[in-house]
Amino acid sequence: IIAHEQFILNAVTLGADAIFFSELSLTGYEPALAGALALSPTDARLTGFKALSERHEITIAVGAPLKTQAGTIISLLIFQPGQSVLIYGKQYLHPDEEPWFVPGNNLAPISINDCRVGLAICYELSVEEHFNNMKSTKPDVYIASVAKFSKGIEPSYNRLASIASTGVHALFVNAVGTADNGICAGGSAVWNKKGELLAKLDDVHEGLLIFNSDTEEVLSHKL
């Protein structure tokens, strides 16, 4: 949580209106441990994110396993000024995740300063039905929060370039470091509405990409 807060404060300093973290960012992508690590939306450890959102007028989306009556879901918890926490649940699970998680409920695009932001979590990126449902809501930006190893980078880039070419800005938010007996390969990136790659981070360093959706300018900031 402390590391997340530092990222948020850096993003505020750089003028960001929102910050999105990778899949299960708070606990790391460790499916076998997710049940024991799962949080509730009212967990006291999350109150700092709400306070930062209010104080700095920034949208914050963090990844966490979340307890529900049906079981544990993979979620993005979204904190926005003046609002209750929003929950995006990963609806389309990879078969490898089914022993550990239950499907969640996708959230309609969220609004950030009149920009409509559609969301996806990792495997959902490759599910045609997911994007078709999202596309019908006419998002301005499509953000995929993922935990991808090196073999998943090229297919994800190709998919996001294709999605972006339909007329939306596309963002890829990946972790670095160990996860589920592998290594997440970073490479967080952004594409313009022509499907052209504008910028990306490397595969080993933590950092921020600050994207201006009006001008398509990108600021890369390593931590």
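Just the heavy atoms: all of them, side chains too, but no hydrogens, waters or symmetry mates, feed the values below. In this chain, residues are counted from 1 in sequence order.
- Hydrophobic clustering of Ile, Leu, Val, Met, Phe, Trp and Tyr side chains at less than 4.5 Å, counting indirect connections, keeps Phe20 apart from Tyr142.
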**Request:** Go through Lys222 and Asp202 one step at a time and tell me if the side chain to side chain contact (heavy atoms under 4.5 Å, CB included) criterion holds.
**Result:** CA-CA 10 Å; Lys222 291 183 179 179; Asp202 66 30; 3.4 Å; yes
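- Classification of the Phe49-Phe79 ring pair by plane angle, with boundaries at 30° and 60°, yields tilted.
- In this structure, Val204 and Val176 have side chains that are not in contact, with every pair of non-hydrogen atoms separated by 4.5 Å or more.
- The pair Lys148-Glu23 does not meet the salt-bridge criterion, since no charged nitrogen lies less than 4.0 angstrom from a carboxylate oxygen.
- The closest donor-acceptor contact from the side chain of Asp180 to the backbone of Tyr29 lies at 3.5 Å or more, if one exists at all.
- A donor-acceptor pair is defined here as one N or O able to donate and one able to accept, closer than 3.5 Å; no such pair exists between the side chain of Asp203 and the backbone of Gly186.
- The minimum heavy-atom distance linking Gly89 with Asn106 is given by the pair O-ND2, 3.0 Å.
- Judged by distance alone, the side chain of Tyr157 and the main-chain N or O of Gly187 form a donor-acceptor pair under 3.5 Å.
- To the nearest 0.5 Å, atom CG of residue Leu125 and atom CD1 of residue Ile163 are 5.0 Å apart.
- The neighbour count for Glu216 CD, taken as heavy atoms of other residues, nucleotides or ligands under 6.0 Å away, is above 12.
- At a threshold of 4.5 Å between non-hydrogen side-chain atoms, the residues Pro109 and Val117 do not count as touching.
- The only member of Trp100, Phe101, Tyr123 that meets ring pair (Phe, Tyr, Trp, His ring centres under 6.0 Å) when paired with His94 is Tyr123.
- The existence of a salt bridge linking Lys135 and Glu128 is excluded, since no basic side-chain nitrogen approaches an acidic carboxylate oxygen closer than 4.0 Å.
- The closest donor-acceptor contact from the side chain of Ser22 to the backbone of Ser25 lies at 3.5 Å or more, if one exists at all.
- The backbone N or O of Gln91 sits less than 3.5 Å from a side-chain atom of Glu124, completing a donor-acceptor pair.
- Contact between Leu24 and Pro65 at its shortest, heavy atoms only, is CD2-N, 3.3 Å.
- When all heavy atoms of Ser75 and Ile121 are compared, the pair lying nearest together is C-CD1, 4.0 Å.
- Separating the CG atom in Leu26 from the CG atom in Leu39 is a distance of 6.5 Å, to the nearest 0.5 Å.
- A distance-only check finds a donor-acceptor pair linking the side chain of Glu54 to the backbone of Gly82 [under 3.5 Å].
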